[in-house]
Amino acid sequence: FKWRLGILMSEVKITYPDAKEFSQIIDAVSALIEEASFTLASDGLKLRALDPSRTAMIDLLIPREAFEEFPENLNEEVRIGANFDDFKKLLRRIKKGDKLSMEVSEGKLKVRLVGKASRTMTLPLIDIGAEELPTPKVVYTVLAKVSSDALNEALKDADVIADAVKFDAKDDGLYVSASSDKGDVEVKFEKEGEVMFEYDLKEPATAKYSLDYLIDTVSKAYRISDIVTIEFATQKPIALTFEIPMGGKLTYYIAPMIE
């Protein structure tokens with residue numbers, strides 16, 4: 001299991017109050033990428049990375065307020081690279097009620113699970129370079145806040161029929177549909193429906209996306225938040241944002257399939 005550090009400080013420690021919740025965030029992040037570099041900055045823990053095919057990007061912020069313990073005076077950013085498969089094996093040891101601490105010290109990373117007993121695992125740190133990725137500049141014409149569970153079910157319905165799904169934003173609501181030789185499926189999120197919490201349509205839009213990416217991401221991330229914010233425009237990337245407690249968020253950007 002390799003951790004890599006960009007800027008090594010003498011000692012940095014953060015503690016997240018709910019280890020299981022942190023594990024779910026890592027699980028959702030690892031849906032797209034096998035390894036990446038976290039950035040520990042004065043405002044929180046961040047991660048921005050592209051998947052290997054550069055079709056999708058992940059953008060994570062866990063604000064400092066979400067942590068029980070966070071460095072008071074962080075003069076420079078600390079980068080911590082992780083292999084997520086190995087990290088998830090470690091997180092499977094979490095017990096209900098555990099807290100999770102991560103401490104960078106003397107070229108090592110100490111991961112501590114604190115519950116009825118305290119379990120500490122020490123991992124090596126190795127330098128890594130991180131790619132600077134700008135926030136995608138997309139003008140979205142649709143914003144829909146829907147039940148994340150309902151979106152997950154709609155995507156699983158579409159997956160039975162096809163390997164791509166179409167999002168159609170119309171005046172009366174958001175349509176999620178798929179069609180192939182196997183048949184057709186359509187799920188409608190009505191504008192005033194019980195699983196639609198906000199709907200802002202600047203102009204009608206339609207776009208098609210790979211179900212591989214959408215299923216992989218939403219099936220993990222819906223556990224983090226009850227509501228997902230969907231933003232897209234005709235033939236533009238889709239943004240799916242899941243809110244994390246204390247003002248954090250996890251956003252996936254997925255490129256459209258051009259017909």
According to a hydrophobic-cluster definition based on side-chain heavy atoms being under 4.5 Å apart (Ile, Leu, Val, Met, Phe, Trp, Tyr only), do Leu143 and Ile238 belong together? no
Could you measure the distance from the CD1 atom of Ile80 to the CZ atom of Phe38? Nearest 0.5 Å is fine. 8.0 Å
For the hydrophobic clusters of this structure (ILVMFWY residues joined by side-chain heavy atoms under 4.5 Å, transitively), does one cluster hold both Leu211 and Phe232? yes
If hydrophobic clusters are built by linking Ile, Leu, Val, Met, Phe, Trp and Tyr wherever their side-chain heavy atoms come under 4.5 Å apart, do Met121 and Ile94 end up in the same one? yes
Inter- and intrachain pairs under salt bridge (Lys or Arg N to Asp or Glu O under 4.0 Å), touching residues 213-225, at least two apart: none
Quick note, salt bridge (Lys or Arg N to Asp or Glu O under 4.0 Å) partners involving residues 230-250, not counting sequence neighbours, are none
Does Asp18 have any salt bridge (Lys or Arg N to Asp or Glu O under 4.0 Å) partners at least two apart in sequence or in another chain, and if so, which? none
Side chain to side chain contact (heavy atoms under 4.5 Å, CB included), that's the test. Do Ile230 and Val146 meet it? Break it down for me. CA-CA 8 Å; Ile230 302 167; Val146 306; 3.8 Å; yes
When you measure from the side chain of Thr234 to the backbone N and O of Thr206, does any donor-acceptor pair fall under 3.5 Å? yes
Could you tell me whether the side chain of Thr229 reaches within less than 4.5 Å of the side chain of Leu240, counting heavy atoms only? no
Does a donor on one side chain sit under 3.5 Å from an acceptor on the other, for Thr251 and Thr241? yes
Here the pair of heavy atoms bringing Ala207 nearest to Ala233 is CB-O, 3.9 Å
Looking only at heavy atoms, the pair that brings Ser148 and Val218 closest together is O-CG1, 4.3 Å
Residue list, salt bridge (Lys or Arg N to Asp or Glu O under 4.0 Å) with Lys202, at least two apart or on another chain: Asp200
Are any of the side-chain nitrogens in Asp98 or Arg93 under 4.0 Å away from the carboxylate oxygens of its partner? no
Can Val111 and Thr120 be said to form a side chain to side chain contact (heavy atoms under 4.5 Å, CB included), step by step? CA-CA 6 Å; Val111 180; Thr120 304; over 6 Å; no
For Tyr252, the option from Ile58, Val29, Leu214 that meets side-chain contact (heavy atoms from CB on, under 4.5 Å): Ile58
Within residues 182-193 or reaching into it, pairs that qualify as salt bridge (Lys or Arg N to Asp or Glu O under 4.0 Å) - sequence neighbours excluded: Asp172-Lys188
What one should report as the nearest heavy-atom pair of Arg79 and Thr39 is NE-OG1, 3.5 Å
With a 4.5 Å limit on heavy-atom distance, are the side chains of Glu103 and Val12 in contact? no
Relative to the ring of Tyr16, is the ring of Phe22 parallel (under 30°), tilted (30 to 60°) or perpendicular (over 60°)? tilted
Within-4.5 Å side-chain heavy-atom neighbours: Leu100 and Leu113: yes
To the nearest 0.5 angstrom, please state how far the CD1 atom of Ile244 sits from the CD atom of Gln24. 11.0 Å
Which residues, ordered by chain and number, are linked to Val185 in its hydrophobic cluster, where ILVMFWY side chains connect at heavy-atom gaps below 4.5 Å, directly or through other members? Ile161
Would a 4.5 Å heavy-atom cut-off, applied to side chains only, mark Tyr213 and Ser53 as touching? yes
For Glu34, does the CD atom have more than 12 heavy-atom neighbours from other residues, nucleotides or ligands under 6.0 Å away? no
Phe70 with Leu61, same ILVMFWY side-chain cluster at under 4.5 Å: no
Determine which pairs satisfy salt bridge (Lys or Arg N to Asp or Glu O under 4.0 Å) with at least one residue from residues 43-72, sequence neighbours left out, and list them in order. Lys13-Glu69, Asp43-Lys46, Arg48-Asp59, Arg54-Glu131, Glu68-Lys99
Using the rule that two of Ile, Leu, Val, Met, Phe, Trp, Tyr join whenever any of their side-chain heavy atoms come within less than 4.5 Å, decide whether Ile227 and Leu201 are in one cluster. no
Tell me which donor-acceptor pairs under 3.5 Å the side chains of residues 151-159 have, and how far apart each pair is, sequence neighbours excluded?
unit_1, atom_1, unit_2, atom_2, d
Glu153, OE2, Lys156, NZ, 3.4

Side chain to side chain contact (heavy atoms under 4.5 Å, CB included) partners of Ala162, counting only residues at least two apart: Ala178, Ser180
Is it true that a side-chain atom of Ser23 and a backbone atom of Ala19 form a donor plus acceptor pair closer than 3.5 Å? no
Hey, what do you get for CD1 (Ile14) to OG (Ser101), rounding to the nearest 0.5 Å? 8.5 Å
Looking at CG of Leu174 and CE of Met196, how far apart are the two atoms once the value is rounded to the nearest 0.5 Å? 5.5 Å
Could you report the tightest heavy-atom contact between Leu47 and Ser37, atom names first, then the distance? CD1-O, 3.2 Å
Linking Ile, Leu, Val, Met, Phe, Trp and Tyr through side-chain heavy atoms less than 4.5 Å apart, which residues share a cluster with Leu133? Leu50, Met57, Val138, Tyr140, Tyr253
Where do Phe67 and Pro63 come nearest, in terms of heavy atoms and distance? CD1-O, 3.4 Å
Side-chain donor or acceptor of Ser147 paired with backbone N/O of Ala150 under 3.5 Å: yes
Can you name the closest pair of heavy atoms from Leu74 and Ser42 and give their distance? CD2-N, 3.8 Å
Hey, what else clusters with Val114 if you join Ile, Leu, Val, Met, Phe, Trp, Tyr whenever side-chain heavy atoms sit under 4.5 Å? none
With a 4.5 Å cut-off on side-chain heavy atoms, are Val228 and Tyr222 touching? no
Ile25 CD1 to Ser225 OG distance, which is reported to the nearest 0.5 Å: 10.5 Å
For residues 174-205, which residue pairs qualify under ring-ring contact (aromatic ring centres under 6.0 Å, His included), counting only residues two or more places apart or in two chains? none
Kindly compute the distance separating OG1 (Thr217) from CD1 (Ile254), expressed to the nearest 0.5 Å. 4.0 Å
Contact between Pro136 and Pro237 at the side-chain level, heavy atoms closer than 4.5 Å - yes or no? no
